[in-house]
Trainee: 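Below is a structure I'd like to ask you about.
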Amino acid sequence: MTAAAPLRVHAPVRTATPRRYVLCRPDHFEVTYAINPWMDPAEPVDRARAVAQWDILRATLEAHGHTVDTVPGEPGLPDMVFAANSGIVIGGLAMSARFHHPERSAEGPHFHRWFAGRDLRELRGAAEINEGEGDFAYAGERILGGVGFRCSLSAHDEVARYFDLPVVSLELIDPRFYHLDTALMVLDATTVAYYPAAFSPAARAVLAELYPDAILADEADAVSFGLNGLSDGRHVFVDPGATGLIAQLRERGFEPVPVDVSELRKGGGGVKCCVLEQHTRRDTTAG
Ligand code: ARG
């Protein structure tokens with residue numbers, strides 16, 4: 001009798017799908033105010049380095065088969081590079097953002113005008129405070145919504161009605177992770193990675209129930225902005241410092257693609273903050 005071969009569990013084969021993104025070159029990036037704990041106006045910013053890193057981000061996304069649309073930045077609006085905050089686009093419906101801080105409020109109309117020039121089925125400006133994909137993550141049959149620092153439950157309600165999708169509200173409790181996209185990343189319609197301590201106990205319970213197989217990141221990965229990554233279903237564009245998370249992504253069959261935007265960290269943002277995805281609707285009501 002031959003001994004049984006050791007049981008091997010194979011990671012699933014992951015498939016990338018081509019995506020369409022919105023980015024804004026950091027031509028006017030600087031840190032002149034502090035609206036999150038990462039920002040220190042006394043610390044010098046090397047804008048040329050920020051632009052060079054962003055150029056690599058853009059080229060990397062394109063090299064992986066994705067389309068990048070760019071919004072022109074505006075002088076005096078140094079955070080426009082964080083285009084994730086410009087709005088939410090799902091299946092031809094778009095909602096442009098309404099910013100929490102007065103320092104960023106003028107970005108809303110700029111992004112709105114840009115969306116108005118796109119081929120969209122419908123565009124609306126958010127009535128409630130809503131910083132776009134900073135706090136809203138499209139996850140197939142639902143939208144995950146962050147609440148606590150920048151966004152309120154009434155914004156979740158507005159988003160759920162407009163996109164006709166349930167919004168699962170998740171309370172954020174650590175000021176370093178003030179937007180949902182700094183604490184959680186959607187890898188595909190059924191897989192997420194997150195840093196549990198960034199969430200209230202109630203939110204942790206919801207996440208554990210919805211995503212029992214989630215990748216759990218530790219604090220070191222989270223402060224590296226590892227969760228502020230971007231997945232196309234296979235490739236995960238991620239901060240190179242998030243080494244624990246990168247190893248876990250590999251084990252689960254994803255292909256981490258390190259992208260360093262450390263100069264933009266001075267504004268409190270990473271890879272995902274620089275990118276808004278123009279989602280297609282992956283359910284049966286294709287739009
Ligand atoms: N300085 C910006 C702010 O505090 C950074 C935004 C980062 N964006 C994001 N999607 N997390 O609003």
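Both counts, for ligands and for their atoms, begin at 1 and track the order of listing.
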Trainee: Salt bridge or not for K266 and D40, using N-O below 4.0 Å?
Mentor: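 D40 and K266: not salt-bridged.
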Trainee: Is there a donor-acceptor pair under 3.5 Å between the side chain of Y138 and the backbone N or O of V186?
Mentor: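 Flag not set: sc Y138 to bb V186 has no pair under 3.5 Å.
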Trainee: Just distance, no hydrogens or angles: give the donor-acceptor pairs under 3.5 Å from side chains in residues 246-254, sequence neighbours left out.
Mentor:
residue : atom : partner : partner atom : Å
Q248    : NE2  : L216    : O            : 2.8
R252    : NH1  : D213    : O            : 3.1
R252    : NH2  : D213    : O            : 2.6

Trainee: Going hydrophobic residue to hydrophobic residue with side-chain gaps under 4.5 angstrom, can you get from W38 over to V238?
Mentor: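 In one cluster: yes.
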Trainee: Under a single-linkage rule joining Ile, Leu, Val, Met, Phe, Trp and Tyr whose side-chain heavy atoms are separated by less than 4.5 Å, which residues share a cluster with L23?
Mentor: Y21, F29, V31, Y33, I35, M39, V45, W54, L57, L61, V68, V81, F82, L230, F237, V257, V259, V261, L264, V271, V275
Trainee: Hey, which residues fall under 4.0 Å of ligand 1 on heavy atoms?
Mentor: I35, N36, M39, D79, F82, A84, N85, R104, G134, R150, Y178, H179, D181, T182, G267, G268, C273
Trainee: Which residues satisfy the salt bridge (charged side-chain N to carboxylate O under 4.0 Å, His left out) test with D164, sequence neighbours excluded?
Mentor: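 With neighbours one apart ignored, the set is empty.
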